[in-house]
Every structure is written in structure tokens, then in C-alpha cells.
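One-based numbering, in listed order, for ligands and for the atoms of each. We count residues from 1, following the sequence as given.
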Amino acid sequence: MSKKASFVEIDENTEIKPSKAFSKYARVSSMAQYKRMHAESIEKPHLFWAREAKELKWQKKWDKVLNWEAPYAEWFKGGKLNVCENAVDRHVEEGRGNKAAIIWEGEPGDKRILTYQQLQREVCRMANVLTNQGVKPKDCVLIYMPMVPEATIAMLACARIGAVHSIVFGGFSSESIKDRLEDSKAVAVITADGSWRRGSVVPLKDNMDEALKGNKDVKSVIVLKRCENDVKMKKGRDFWWHKQTAKVPAKHTPKGFSAEHPLFILYTSGSTGKPKGILHTSGGYMVGTYTTCKYIFDMQEDDVYWCTADVGWITGHSYITYGPLLNGVTQIMYEGGPNYPDWGRFWSIIEEYGVTIFYTAPTAIRAFIKAGDEFVDKYDLSSLRLLGTVGEPINPAAWAWYYNKIGGGRCPIVDTWWQTETGAIMISPLPGCTPIKPGTATLPFFGVDAAILDEEGNECKPDQPGRLVIRKPWPSMLRTIYGDKKRYKDTYWSDYDGMYTAGDGAKKDKKGNVYIIGRLDDVLNVSGHRLGTAEIESALVAHPAVAEAAVIGKPHEIKGESIVCFVTLKGDYKETDELKTELRNHIGKVIGAIAKPDAIHFAPAGLPKTRSGKIMRRLLKELVNTGKVTGNVTTLEDSKVIDALEKSLKG
Ligand code: WT7
């Protein structure tokens, strides 16, 4: 394959077909082949998915590929398997024992390589530690870790013993951990002393101690030494990772669990209330992440794959821990920030390890563009052969830069649309066959029956925006919201009969390419992170000064969206800049630093509401974006409110 860089003129109408050189070795190499396979996957899902599932190891074969009684699916019923055995032991058995599974770089520059064999030993040790601590199948283990191999080892160890992991992103606060501990009734915790972030230590263990105050469910806390920062260890409850693992054998026999055995819970934001625990199970999720990696990232034996996400998000679950290891590739894991010590860090890693497949987020790409090309130009990126993006719509300018500057005008870009709930990629090009275009995730993956519907449930015409739905079950779909079956049904399956509503607005062009427009609900996408306006509002009103709050998203050049808050204060409180700072920090404390707003505005005369008392966010958005309100305000209860807000924004 040619490694020469070339430059392609790109605008939003540019369509790029895969090169012959790429297609030749790709798993799917023509649109005719894609169409044939997609048709089969929709019409005969049992045939299609049985063939894929057979490539993995089942301790007992399934009786039935799919049992579907909307909205409840059972995939590979009757089958027994161990996801960890498939991601780790299978490769050792197949001769990949000495192949690098994880090549890791710490933020300060420390390096480690774990082969599949070494990974197996570490995972076995942790599985034995957890078992010795009394963790049983279906027990929940909360993981709060930095981006170190032990995060993946902890996840795989849980999977190995049938425990359900629930990861909380390291940027979330004690209160967020507390909510998740309570909701999932976790019996054990795996964490670290601290985590490196742009040169300073995030005190993970201290945060955990705070979250564990008053908790009676958690019996043991396993603590990895990472930053050597001082931590308190509670006798009888807290144990050092290195001491525990040194005491147990590096062998452990993986037991088979039923295909619908719960694998993990991951909390994500919705339009109302507290984050919901999305539950994923074993067999279908395994097959879904395996298959998407194989076809969409075209993973081959000699690839060096790097996904820059954090294991605390679904991308890290599916495309760091599970999918790539199920495919037996070598992957890069990096602990720290993209700009540490400078904006060249990612490119230096790609050069050093010869990364071939690179998967990141549009928000990162926009930040790199802003930082300047000189950081890219220093490095040789010619090892790359495939690029991916995820998390939010990618604007054509960012797409063009990614394609030319990073991909050297030679690497296909897979713009992958999916969600925490979908478990695996749903809409994406296949790099060996699908013509790619900036701004579109293109066509549905195998088994995905995606449609765009209007309010009445009719399919939209080309270019007409509507709601994105999935009309058929797919293997890696969520099974429920943990502990709340009714909310599961109401949230995802009640807009249209028997169909999954994603919560995204979208349109299709004449060729069927899907363009994601964005969330239709009150969910924000800030730097690819999902946050509910309701969560931020409830954090604000929990502060003694705040009477009422409304939160909206404002388009942001780098982050995609930024958080803007409007607050009305209680009687005696004064509208000061100090109070604004206090409120920002308060949100950081309640939810986490990622939820700190970019702007807080006071609303002295109250918030704009309809006569029935609903906050009119539409008006707030218009006000923030244009400085005034021109739209329809006839339903507004009190028009003086707007005048006061316009003044407050100017002041
Ligand atoms: C929401 C899901 C799935 C991993 C990361 C986010 C948005 C995701 C794309 C894309 C446009 C995208 C959607 C979706 N989104 N990928 N390729 N193009 N928008 O997972 O936190 O569950 O968020 O992210 O709005 O609903 P998540």
C-alpha cells in the first residue's frame, strides 16, 4: 500500500471511494458484498449472527440465536461462555501468547508492555483476589481507575468470575460515585491512589473515601498504587492491589456463564432525573463488539490499534477492553492528556509504536487544529491506514484536516454513530467499500435496521429531518435500565411500537447516508461527553442560594456544545461574580469537573415560562445565541422576564 501523503481538496459534497489498495485486503471489499451481507443480516439474523458467533469460543452452544418479545431480547439463549476467556485465554491457546496485547504509556512517560500471556496471568490473579474477597457471580464491583492496564485487568477479572462491573469515569465526583454505589449496591470497589492529569494528581482514593462514608454494602476496596500520593487505608476494608495479587496463584479456570448473564452496568445521562444504569449482558455484547471491530476497523493480525477514549465511557468498554482484545490485536493505551507535555503527544505515540488504526473524537480533532500543524509536522504518521471518529457530529473542516493532515490523504475515515445503550457501533462506513463523505456516518452496520421517522411514524423523505429509530433488535443492545424495567420501556421503546428510539435527530440523503443532527432531548454533548441538563439543574438548586435554574447548550467551536446556566437567587443572596464561581465549583463537586458550566447568568426577574409553568429553553437558547429574543413569545407567561434577561446578559 502506498504510504505517500497526498492532499485532497474537500468540502461537504466530497465523496471519497476506498482505494483499490485498501479494498484488496479489506474484509468487505465491494458495495455489492456489503448489500448482500446486510440484507442477510436483516432477513435472516439467526444465520448471520450464528456464523459470526461461531468464530468465538462457547463452552456450550446456544439453542436459539434470538428470542424477541419487544422490548425484551435474549440472544444466544442456552449458550454458555466466558467473555474474558474469549478476550484473553483464547489468544494464548491460539499461539498469540507472546504477542503484545497492551502497549501502555503513562502520562509522565513510563512505559509497559503486556503480552496476552502476561495479561492472562494478571487477570487470573485479580479474579482470584476478588473471589477471595467474597465477590460472587452477579455481584456488582465498582471500578474508579486511571487509564492504566489494571483498569482493563479489573474489568476482565470481573467478567471472568461473572461479577458485574460498573465503571465510574475518573473525572466524576464523590457524590456521583455515591449515587452509583447506592443504585448498583456494589459489594466491592477497585480504585487507585491517584491518577495523572496534565501533570497533577487526581486523588481518586480520597474521592472514594468520601463516597464510601455511610455505605454498608461495600466489603472491600482494592487500591492500586499509581501516583504514590498519600492515602488513608481503612483496616479490614482497604487492601493494596500489589499485596493481594502477590498472594494468589496466576491460574484461574474460567467458568461458562449463560449468554444473558449480566456483564456490566454503565451509567449515562438522560433527559430527566439521575443517570441511568445501562445494563449489558454477555453473549450478544461479545459478538457485537467483536464483529464491529472486525468489519469496521478491519482489524487484522498485524494491526496496531489505538482508541484514545477512557475506559470510563462506553467507547473504552467496547473499543478498548472488549472489542480489540476479542480480536487479538495489539493496542496502545495512553494514560494522560492530549496536550501533555505538548500538543504533539498523540502523534509521537503513533510514530513510536507504528499505530495503524486510530480512533478519536471530533472535539479532540478540533483542539489539535487550533493548537497548530507544527505539532503534527514533527512526526512520521505514515504507519496509519485507517482513522475513526465517534461521539458527536464531525464538521467538514475537521474531517478534511483529519483526512489530509493525519491520514495523509490516504486513510479512510470511519465516522461511527452509536450510544452507551447500543453497546457497539450501529452506523458507519466499512472502510473497504463504503464511499465516505464529511459529516455522515453513512450506512447501517450488519443487523441494524435504521430508519428516520416523522412524528406520525412515517419514514422521512430524503433530506427531511426526523427521529432516528432502530426497528429490529441487535446483539449488543442494552437489556434494561438497571433496577427500572419500566423506565427502560418508557425511555426507549414507547415512541413507536416495537422500535428503539435513539433520542437523536437525523436525516438520510438519496443514497441512504445517515447524517446525525444531534440530540432531540435535553441531553448535552460537551466534548463528546453526555450530560443531562436536568442533572446540572438539580445540582444548582441543591445550592442554598439558588431558587430556580435552567441549563442549555450553546454551540462551541471546540467542545461542540458548552454549558450555559440561568439562575434565580433566593431572597437575600446578591448577584456577584464570587457567587458565580462558587456555583461553578459546586457543580464540579456534585457531578464532576466535566459538568462545570462555561457561563452562568442571573435571571433576576425569573425564568421564561409557559402559562403551564414549563421553562422555555428555546427562548433561552435564542437569547444566548443572538443576544435577543425575536421568536414566538405569545405563550410566555410574563414578557418582562425576557427584558430582564437581555439586560443581565449585556451586563
Ligand atoms: C450520543 C451517545 C458512542 C460512544 C460515545 C458517545 C452522539 C455518538 C456520533 C457520531 C454524531 C454522535 C449522539 C448519541 N454521537 N456518535 N458519529 N455522529 N453524533 O456515547 O455518551 O452514549 O452518547 O452521542 O448524539 O446519541 P454516549
Are there any protein N or O atoms under 3.5 Å from the N or O atoms of ligand 1? List them with distances, or say none.
{"from": "ligand 1", "atom 1": "15 (N)", "to": "G391", "atom 2": "O", "distance (Å)": "3.3"}
{"from": "ligand 1", "atom 1": "16 (N)", "to": "G391", "atom 2": "N", "distance (Å)": "3.1"}
{"from": "ligand 1", "atom 1": "17 (N)", "to": "D415", "atom 2": "OD1", "distance (Å)": "2.7"}
{"from": "ligand 1", "atom 1": "17 (N)", "to": "T416", "atom 2": "O", "distance (Å)": "2.8"}
{"from": "ligand 1", "atom 1": "18 (N)", "to": "E392", "atom 2": "O", "distance (Å)": "3.3"}
{"from": "ligand 1", "atom 1": "22 (O)", "to": "T420", "atom 2": "N", "distance (Å)": "2.7"}
{"from": "ligand 1", "atom 1": "22 (O)", "to": "T420", "atom 2": "OG1", "distance (Å)": "2.6"}
{"from": "ligand 1", "atom 1": "22 (O)", "to": "R530", "atom 2": "NH1", "distance (Å)": "2.7"}
{"from": "ligand 1", "atom 1": "24 (O)", "to": "G391", "atom 2": "O", "distance (Å)": "3.3"}
{"from": "ligand 1", "atom 1": "25 (O)", "to": "D504", "atom 2": "OD1", "distance (Å)": "2.7"}
{"from": "ligand 1", "atom 1": "25 (O)", "to": "D504", "atom 2": "OD2", "distance (Å)": "3.2"}
{"from": "ligand 1", "atom 1": "26 (O)", "to": "Q419", "atom 2": "NE2", "distance (Å)": "2.9"}
{"from": "ligand 1", "atom 1": "26 (O)", "to": "D504", "atom 2": "OD1", "distance (Å)": "3.3"}
{"from": "ligand 1", "atom 1": "26 (O)", "to": "D504", "atom 2": "OD2", "distance (Å)": "2.6"}
{"from": "ligand 1", "atom 1": "26 (O)", "to": "R519", "atom 2": "NH1", "distance (Å)": "2.8"}

Show me the pairs that pass ring pair (Phe, Tyr, Trp, His ring centres under 6.0 Å) and involve residues 450-476, at least two apart or across chains. W474-Y500

Look at the aromatic rings of W313 and F169 and report parallel, tilted or perpendicular, splitting at 30° and 60°. tilted

Could you work out, with ring pair (Phe, Tyr, Trp, His ring centres under 6.0 Å) as the rule, every residue matching Y72, not counting sequence neighbours? Y488

Taking side chain to side chain donor-acceptor pair (under 3.5 Å) as the cut-off, I'd like each qualifying pair that reaches into residues 512-522, sequence neighbours left out, listed once. D509-N513, R519-D521

How are the rings of F264 and H280 set to each other: parallel, tilted or perpendicular (split at 30° and 60°)? tilted

Heavy-atom side-chain proximity of Y144 to I177 below 4.5 angstrom: yes

